[in-house]
Peer 1: 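Okay, handing you the structure first.
Here is the naming used below: chain letters follow the sequence lines, and residue numbers restart at 1 for every chain.
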2 protein chains.
Amino acid sequence: MGSRPAPCGTGAAFSGRESVGVTAASVRKAPKAKAKPKAKPKPKPKRLPPDERERLIVREAVAFFAERGFEGQTRELARRLGITQPLLYRYFPSKEALLDRVYQEVYLNRWNPHWEDILEDRSRPLEDRIVEFYSDYARAVLTYEWIRIFMFSGLRGMDLNGRYLTVVRDRIFARVIRELRFENALPAPSEVPISEAEFELVWSLHASIFYIGIRKWIYGLTIPDDVTAVVVALTTAFIEGVPAVVARLTDASPESRVRAAARRPTP
Amino acid sequence: MGSRPAPCGTGAAFSGRESVGVTAASVRKAPKAKAKPKAKPKPKPKRLPPDERERLIVREAVAFFAERGFEGQTRELARRLGITQPLLYRYFPSKEALLDRVYQEVYLNRWNPHWEDILEDRSRPLEDRIVEFYSDYARAVLTYEWIRIFMFSGLRGMDLNGRYLTVVRDRIFARVIRELRFENALPAPSEVPISEAEFELVWSLHASIFYIGIRKWIYGLTIPDDVTAVVVALTTAFIEGVPAVVARLTDASPESRVRAAARRPTP
DNA sequence: CGGCTAATTTATCTTTTGATAAAACAACAT
DNA sequence: ATGTTGTTTTATCAAAAGATAAATTAGCCG
């Protein structure tokens with residue numbers, strides 16, 4: 001517990017949201033002894049302001065731990081950053097604290113509150129809304145870093161995954177189901193609570209899309225170029241397939257579904 | 001390297017294919033020298049025949065690495081086995097060799113060749129076949145050990161996942177698609193090769209089911225008690241939803257689908 | 001230029017961890 | 001019993017890896 005007059009702490013600055021491409025490291029070179037402009041991997045971009053250094057560390061840490069897992073070693077992370085390993089400890093009191101920051105970075109900052117609006121805009125066909133939402137969700141989440149850190153964190157037993165998915169369930173799944181009910185002229189969730197089976201159906205759509213990311217970034221398989229096209233196809237299949245399942249589950253007669261369809265507002 | 005007159009080697013015995021439910025571990029307790037029935041955690045089950053010891057190690061290693069990941073430490077594994085850590089090295093030349101054995105154990109020995117027969121038994125409705133296959137596949141694969149070791153191995157960059165999934169694609173997906181084509185009176189894969197879009201549709205069913213295991217064993221979420229019921233629902237939705245998508249993809253007119261349906265053998 | 005402040009590095013500690021060699025000892029055959 | 005065989009343990013090594021303290025030096029200010 002020595003005196004450490006430094007930034008440190010886990011909840012430091014980093015509100016600046018600007019461009020991440022800070023690749024333009026201002027070069028220095030010692031005042032004398034030019035040491036020839038050899039293309040040495042030692043450009044010495046030393047001495048940055050603390051908040052910028054911190055941003056660099058966090059950015060690289062996300063990429064690094066996504067690749068190597070949370071057992072990745074601080075020495076290698078430091079090497080990638082072009083700094084020495086002890087310097088990490090000036091900005092984060094422990095590796096665990098750095099990892100906490102990495103979680104924060106990945107889980108937060110990538111949720112788009114607008115998604116919820118898209119889903120409940122009844123001026124558009126539900127299929128369109130779901131397609132737009134999941135296309136954008138895929139764009140945001142089906143990335144190397146997001147998918148792998150999410151999986152590493154789940155395997156490690158963090159409850160972060162559980163908490164994140166609770167949000168997904170309440171904000172997304174529940175809305176999709178509400179809108180599906182509305183389309184099919186079924187009672188609103190406020191009247192008849194959402195059943196486990198309904199959640200399962202939405203889970204299945206979600207899984208199909210998320211699993212594309214797993215295939216690519218965890219299994220290293222090739223996936224279709226046009227993910228949006230797949231989302232469209234899956235959403236179509238989902239919308240078309242749900243009524244058949246719902247019919248079985250609720251044991252509703254085909255006639256009742258026809259009546260329901262008749263009550264549906266024609267778009 | 002030192003003379004080692006021991007079993008060792010990675011491809012040792014254990015070809016016996018018997019039951020996987022080896023839960024009935026041959027009990028411990030030394031034959032004599034009771035050493036007082038104190039509830040001490042030191043039952044001294046020493047000196048087993050090499051192949052039995054090896055089986056015990058592999059069995060525990062699977063459980064251990066599934067829980068802790070491949071960075072789990074040999075000392076803790078040994079502690080769980082009630083043996084000392086160097087003993088592991090009498091049976092496996094390195095940790096890596098033990099891990100290879102663990103992969104083998106999980107990936108092999110759990111594939112049921114009969115699955116392929118189920119899927120192509122045209123005396124039954126396709127929906128039934130898919131339900132039976134995926135119910136059994138889920139029973140075999142949606143386990144703590146399988147799911148987690150598969151994911152750990154993928155994250156580690158092993159190509160085992162890719163190779164396994166190639167088998168799944170060729171043996172399962174291709175069959176499902178062939179049967180779907182047949183049901184819808186479409187050309188066989190031998191005539192018209194399977195498109196990426198068709199594979200995607202089957203991937204989606206597969207993902208929906210596999211993801212149930214991820215939810216439970218990686219995220220720690222609760223899942224429905226009756227997984228088979230979910231498989232039934234998902235398969236129904238799949239079968240019902242596919243034609244709509246296929247229609248879009250192949251841009252086939254509704255009439256052509258009606259004609260196709262007419263040619264379909266009525267079950 | 002001279003000096004102060006603090007970002008960064010060098011040197012080092014301790015614990016962990018995969019791995020090895022040699023001692024110990026249980027089980028079996030003679 | 002007694003010796004032999006080979007399983008298991010004890011003792012130990014060396015490298016890896018998280019963490020800390022002290023030395024160094026870049027950059028700013030007068």
Side-chain angles (χ1 to χ4, degrees), chain A residues 1-8 12-13 25-33 42-57 61 64-65 68-100, chain B residues 1-8 10 12 28-33 35 42-57 61 64-65 68-100:
Chain A
M1 315 4 185
S3 63
R4 191 184 278 163
C8 208
S26 54
V27 192
R28 263 330 118 129
K29 284 306 178 200
K32 279 217 294 184
K42 204 73 177 185
K44 287 266 184 190
K46 288 207 258 202
R47 198 126 327 194
L48 295 132
D51 52 343
E52 183 175 353
R53 175 66 75 196
E54 184 173 324
R55 267 192 359 243
L56 287 179
I57 292 176
F64 175 70
F65 290 119
R68 307 291 259 237
F70 302 147
E71 322 278 344
Q73 297 136 16
T74 55
R75 276 177 177 79
E76 193 189 338
L77 170 58
R79 197 175 46 68
R80 287 202 196 185
L81 279 159
I83 62 177
T84 57
Q85 179 245 7
L87 187 55
L88 294 172
Y89 288 85
R90 180 152 193 100
Y91 290 87
F92 297 92
S94 68
K95 182 182 176 180
E96 207 47 44
L98 175 55
L99 286 178
D100 286 345
Chain B
M1 311 331 174
S3 63
R4 189 184 277 162
C8 210
T10 189
R28 299 103 201 295
K29 282 304 175 201
K32 278 217 299 182
K42 203 71 175 187
K44 288 266 182 186
K46 287 207 256 201
R47 199 125 326 194
L48 293 127
D51 52 344
E52 183 174 354
R53 175 66 76 197
E54 183 173 324
R55 271 197 348 250
L56 287 180
I57 291 176
F64 175 70
F65 290 119
R68 307 290 259 239
F70 303 147
E71 322 278 344
Q73 297 135 15
T74 54
R75 276 174 176 80
E76 191 188 339
L77 169 59
R79 197 174 47 68
R80 287 202 195 185
L81 280 159
I83 62 176
T84 57
Q85 180 247 5
L87 186 55
L88 294 173
Y89 287 85
R90 182 151 192 99
Y91 290 86
F92 296 92
S94 68
K95 181 182 176 182
E96 206 48 42
L98 176 54
L99 287 178
D100 286 345

Peer 1: So which heavy atom on B:Ala78 is nearest to which on B:Thr84, and how close?
Peer 2: CB-C, 3.7 Å

Peer 1: Quick one: is C:dT9 close enough that its OP1 or OP2 comes under 4.0 Å of any side-chain N or O from A:Arg90?
Peer 2: no

Peer 1: CD of A:Glu54 versus P of C:dA7: gap in Å, rounded?
Peer 2: 12 Å

Peer 1: Please examine the side chains of B:Leu88 and B:Leu81, heavy atoms only from C-beta on, and report whether any two atoms are closer than 4.5 Å.
Peer 2: yes

Peer 1: Verify the contact: side-chain N or O of B:Tyr91 to OP1 or OP2 of D:dT8, cut-off strictly under 4.0 Å; return yes or no.
Peer 2: yes

Peer 1: Which comes earlier along DNA chain C counting from the 5' end, the contact point of A:Arg75 or that of A:Leu87, where each point is its nearest nucleotide?
Peer 2: A:Leu87

Peer 1: Just so I know, are the side chains of B:Leu56 and B:Ile83 near enough to count as touching, which here means a heavy-atom distance under 4.5 Å?
Peer 2: no

Peer 1: Taking the side chain of A:Lys95 as heavy atoms from C-beta outward, which of C:dT10, D:dA19, C:dA7 is closest to it?
Peer 2: D:dA19

Peer 1: Which heavy-atom pair separates B:Gly72 from B:Lys95 by the least distance, and what is that distance?
Peer 2: O-NZ, 2.9 Å

Peer 1: For A:Phe70 and D:dG18, what is the distance between atoms CZ and P respectively, to the nearest whole Å?
Peer 2: 14 Å

Peer 1: What does the list of N/O pairs under 3.5 Å between the protein and nucleotides 23-25 of chain C look like, with a distance for each?
Peer 2:
unit_1 : atom_1 : unit_2  : atom_2 : d
C:dC25 : O2     : B:Arg47 : NH1    : 3.3

Peer 1: Once you round it to whole Å, what is the distance between C1' of D:dT8 and CG of B:Leu88?
Peer 2: 12 Å

Peer 1: If I take atom CZ from residue B:Phe92 and atom CG from residue B:Leu99, how far apart are they, to the nearest 0.5 angstrom?
Peer 2: 10.0 Å

Peer 1: Holding to side-chain hydrogen bond (donor to acceptor under 3.5 Å, both in side chains), I want the full list of residues that pass it with B:Glu71, two or more places apart in sequence or in another chain.
Peer 2: none

Peer 1: Using atom CD of B:Glu76 as one end and atom P of C:dG18 as the other, report the distance to the nearest whole Å.
Peer 2: 11 Å

Peer 1: I need the CG-P distance between B:Leu81 and D:dT8, as an integer number of Å.
Peer 2: 11 Å

Peer 1: Can you list the residues that meet the salt bridge (charged side-chain N to carboxylate O under 4.0 Å, His left out) rule with A:Glu76, with sequence neighbours excluded?
Peer 2: A:Arg68, A:Arg79, A:Arg80

Peer 1: A:Pro49 near the nucleic acid: base, sugar-phosphate alone, or nothing, with a heavy-atom cut-off under 4.0 Å?
Peer 2: nothing

Peer 1: From CD1 of B:Ile57 over to P of D:dT7, roughly how many Å is that when rounded to an integer?
Peer 2: 12 Å

Peer 1: Check every strand shown and say whether A:Thr74 touches a base, only sugar-phosphate, or nothing at a heavy-atom separation below 4.0 Å.
Peer 2: sugar-phosphate

Peer 1: How many Å lie between CD on A:Gln85 and C1' on C:dC13, as a whole number?
Peer 2: 12 Å

Peer 1: Can a side chain N or O of A:Tyr89 be found less than 4.0 Å away from OP1 or OP2 on D:dT20?
Peer 2: no

Peer 1: Using whole Å, report how far CD1 of B:Ile83 lies from P of D:dT7.
Peer 2: 13 Å

